[in-house]
Colleague: 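One structure is given below, represented as structure tokens, and several questions about it will come after.
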Amino acid sequence: MEFEAVIGLEIHIELNCPTKLFCDCPNRPGDEPNRNTCPTCLWFPGAIPRLSQAALEKAALLCLGLGAEIQPRNAFDQKVYYYPDLPKGYQLSQAHLPLARGGGIEITDENGKLKRARIHHVHMEEDVARLVHEIEGRTPISLVDFNRAGVPLVEIVTEPDFSTPHEAIEFLKALRAQVRYVGSSECSMENGTMRVDANISVRPRGASEMNTKVEVKNMNSIRHVGDAIAHEIGRQSASVQAGEAVTLHTRLWDPDKKVTLPMRAKFEGPCIPDPTVPTIELSREWIDDMRSRLPEMPATRAARFVAQYGLSGEEAAFLSSDPDTAGFFEALTAEGIAPRMAMHWLATQLLPAIKERRQELHNAPVTPGRFAALLRMLSQDQINANAAREVLLRLFDGDQPPAAIVDACGFRQVSDPEALGALIDKVVDAEAAAVADLRNGQGKAMGFLIGRVMQASGGKANPKIVRELLGKKLEAIL
Amino acid sequence: MPISHQQVTRVSLLGRLLLSEEETETMTAQLGQILTYMQLLDEVDTDQVEPMAHAVEVSDVFRGDQLAPSLARDLALANAPQHDGECYRVPAVLGDA
């Protein structure tokens, strides 16, 4: 029997506003344990949660970027469960009246066909405390850090619109790009600012009923989400094939063993309206004001890059997937660098060099101005590509202008016909055998001779002019 | 009966209340009586009434995003039955949240 999968995603995203969702503590969960707490986020009895306006605005921008419809009236509920990461016994979450409904993202399936993945709703909630499990002697204990308690989250719940790991990955990449564009979060799965749970079920191909789903958690990269979904589809297909029933439960992805393993069930209680946080009434004007703050979104920007700069769809999508990269690219073109050269050097040289140094493009020492100055020297044949690569690496070491580095290293390209002519004469005299090969019609001896001239110049000769002059010289003697 | 024996067992488990078989029977009967009484509300015609989201007629109470000093850590941990100077210590919980 052939199976197909039905996949839905639940994505938690940590908003990057300065304070927590309901109190004035810093929204910095990675600080030293329990440095960022107060009676509200330690959830002491009687503390009154007060909603952060910045969190609401960042959440609303995120929703509008996804084309979701902001609900004029939304409210918080108490989602009841018992666990040491939530000592007050309930999490404030928008279970009944979420911030936004609808929206979606266009993705391409494996065959390149466009497909819309729909969003069911987006709601706000507070994060819970972080638990660290340890063994003291022979006694297992848990340590609780409340820095993360009360950190503002949005949860995006999709419709079960995905049928392959590829589609889920495409969606997550596009989602990450969109959220970064609106500036609501860095969306890093590695750092935990984006967390993804996948709900997966399988059914015979072509069937319409939905079977029992399994929830898979604990993936810490987008690639792991794909791997976990692929593994879970295989596991469920095999068990259905063997005549076993799939039961509703939660599994954890084990990235080392590359399998999903069952997780102990956690009791979840009811959701009841919260009496402490007043309802949120959002006017048409407020929503329009938020919408007017939306930047140009990645898909629009990619289409503009194709039209304006003549890039391929793939190149444009690559550049526009990250707002910093797209901005850097446009800054280079504004400096007069040809779009294709800007794209090529950014993608193949600068970005890998920045990644290798664990830096970020927006605050790296290689600014668009310095990088453009370097590329300008390359396009004007003042240096060759090898030298440009070398100078780029040195741009990371200080703030010297590229021209100063070129001069200090003696990288300036020799284009003077007289100096190059002398070198060529010497090489042609010394390499009589290669010249003879050329005479016998062996064209590849030409490349060998150019290489010799380059070598004789210490790598500084302008290869274009060498080729031109050498051609003329050989024409004369052959 | 408006509430079943099974539902009472589940609710007591969620509330971490250990009820004997006899107590469960009593609770099922008593909760049933309360729910039966509350069913009076079903007689009210609510077709034209918008569902209530909140008991208080106040909305849009927001807080500007101004950082304020957090508690000193020793103060935050002061009431904990057990701590290690950095974190609260609690009995082990298996699995993950």
Side-chain angles (χ1 to χ4, degrees), chain A residues 17-19 22-26 32-39 42 50-56 73-75 80-86 96-97 128-129 131-133 136 139-146 217-218 252 263-270 273-275 277-282, chain B residues 3-4 6-19 31 35 38 41 46 49-97:
Chain A
C17 40
T19 69
F22 292 115
C23 65
D24 299 327
C25 285
E32 266 184 57
N34 291 308
R35 291 286 186 198
N36 306 329
T37 69
C38 73
L42 289 168
R50 290 172 306 135
L51 183 65
S52 150
Q53 180 152 4
L56 175 65
R73 184 176 196 223
N74 57 97
V80 176
Y81 77 88
Y82 297 93
Y83 211 66
D85 62 11
L86 188 70
H96 294 118
L97 296 168
V128 299
L131 293 177
V132 180
H133 307 294
E136 278 183 3
T139 320
I141 57 137
S142 295
L143 299 172
V144 194
D145 171 12
F146 281 83
K217 291 172 176 285
N218 198 41
L252 291 180
M263 173 182 141
R264 207 177 61 157
K266 194 167 69 177
F267 280 112
E268 286 202 9
D274 173 74
V277 184
T279 52
I280 302 153
E281 312 271 351
L282 300 172
Chain B
I3 187 165
S4 70
Q6 203 185 357
Q7 281 171 311
V8 174
T9 307
R10 179 177 148 74
V11 169
S12 63
L13 187 62
L14 289 175
R16 296 295 189 266
L17 297 170
L18 186 63
L19 300 184
L31 284 171
L35 289 170
M38 295 309 285
L41 288 174
T46 56
V49 181
E50 206 186 324
M52 189 176 79
H54 206 278
V56 185
E57 293 277 328
V58 175
S59 68
D60 299 346
V61 180
F62 302 135
R63 182 174 54 79
D65 237 23
Q66 296 298 321
L67 285 174
S70 294
L71 286 179
R73 185 159 66 188
D74 53 348
L75 205 57
L77 296 173
N79 289 333
Q82 286 187 25
H83 62 81
D84 67 359
E86 289 191 350
C87 288
Y88 296 82
R89 286 175 89 250
V90 298
V93 272
L94 298 172
D96 212 297

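Just so we're clear, the structure is a prediction, and the values are computed from it rather than from any experiment. Residue numbers start from 1 in every chain, and the chains themselves are labelled A, B, ... in the order their sequence lines are given, proteins ahead of strands.
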Colleague: I need the A/Leu42 CG to B/Tyr88 OH distance, nearest 0.5 Å.
Modeller: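 Between A/Leu42 CG and B/Tyr88 OH, I get 4.5 Å after rounding to 0.5 Å.
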
Colleague: Is it the backbone or the side chain of A/Ile141 that comes under 4.5 Å from a heavy atom of chain B, or both, or neither?
Modeller: both

Colleague: With a 4.5 Å cut-off on heavy-atom pairs, point out which of A/Leu97, A/Leu86, A/Leu143 contacts chain B the most.
Modeller: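 With the most close heavy-atom pairs to chain B, the winner is A/Leu143.
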
Colleague: Can you tell which part of A/Glu136 gets under 4.5 Å to a heavy atom of chain B, answering side chain, backbone, both or neither?
Modeller: side chain

Colleague: As an exercise: rank B/Val11, B/Asp60, B/Val58, B/Val61 by heavy-atom pairs under 4.5 Å with chain A and give me the winner.
Modeller: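 Top count of heavy-atom pairs under 4.5 Å with chain A: B/Asp60.
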
Colleague: What part of A/Ile280 is in contact with chain B, defined as an atom under 4.5 angstrom from a non-hydrogen atom: side chain, backbone, both or neither?
Modeller: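 Both backbone and side chain of A/Ile280 come within 4.5 Å of chain B.
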
Colleague: Would you mind checking which part of A/Leu56 comes under 4.5 Å of any heavy atom in chain B, side chain (CB onward), backbone (N, CA, C, O), both or neither?
Modeller: side chain

Colleague: Output yes when a side-chain donor or acceptor of B/Arg73 lies under 3.5 Å from a complementary backbone atom of A/Pro33, and no otherwise.
Modeller: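 Indeed, once roles are kept as given, a pair shorter than 3.5 Å links the two residues.
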
Colleague: Is chain A contacted by the side chain of B/Leu77, its backbone, both, or neither, given a heavy-atom distance below 4.5 Å?
Modeller: side chain

Colleague: Under 3.5 Å, is there a donor-acceptor pair between the A/Asn36 and B/Ser70 side chains?
Modeller: no

Colleague: Side chains of B/Leu71 and A/Pro39: does their closest heavy-atom pair fall under 4.5 Å?
Modeller: yes

Colleague: What's the shortest heavy-atom distance between B/Ala76 and A/Thr37, and which atoms?
Modeller: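 Answer, listing the atom of B/Ala76 first, then A/Thr37: CB-OG1, 3.5 Å.
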
Colleague: Report the option among A/Pro26, A/Ala75, A/Ala55 that has the most heavy-atom pairs separated by less than 4.5 Å from atoms of chain B.
Modeller: A/Pro26

Colleague: If you draw a 6.0 Å radius around CG in B/Leu41, do more than 12 non-hydrogen atoms from other residues or ligands fall strictly inside?
Modeller: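 Above 12, so yes.
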
Colleague: Going by heavy atoms in the side chains, are A/Leu51 and B/Arg63 under 4.5 Å from each other?
Modeller: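 Not in contact.
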
Colleague: Heavy-atom distance under 4.5 Å to chain A: side chain of B/Glu86, backbone, both or neither?
Modeller: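 Interface part for B/Glu86: both.
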
Colleague: Where on A/Phe146 is there a heavy atom nearer than 4.5 Å to chain B: the side chain, the backbone, both, or neither?
Modeller: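 Interface part for A/Phe146: side chain.
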
Colleague: What part of A/Val132 gets within 4.5 angstrom of chain B, counting heavy atoms only: side chain, backbone, both, or neither?
Modeller: neither

Colleague: Could you tell me which portion of A/Pro275 (side chain, backbone, both or neither) has an atom closer than 4.5 angstrom to a non-hydrogen atom of chain B?
Modeller: backbone

Colleague: Which bit of A/Asp274 comes within less than 4.5 Å of chain B, counting heavy atoms only: side chain, backbone, both or neither?
Modeller: backbone

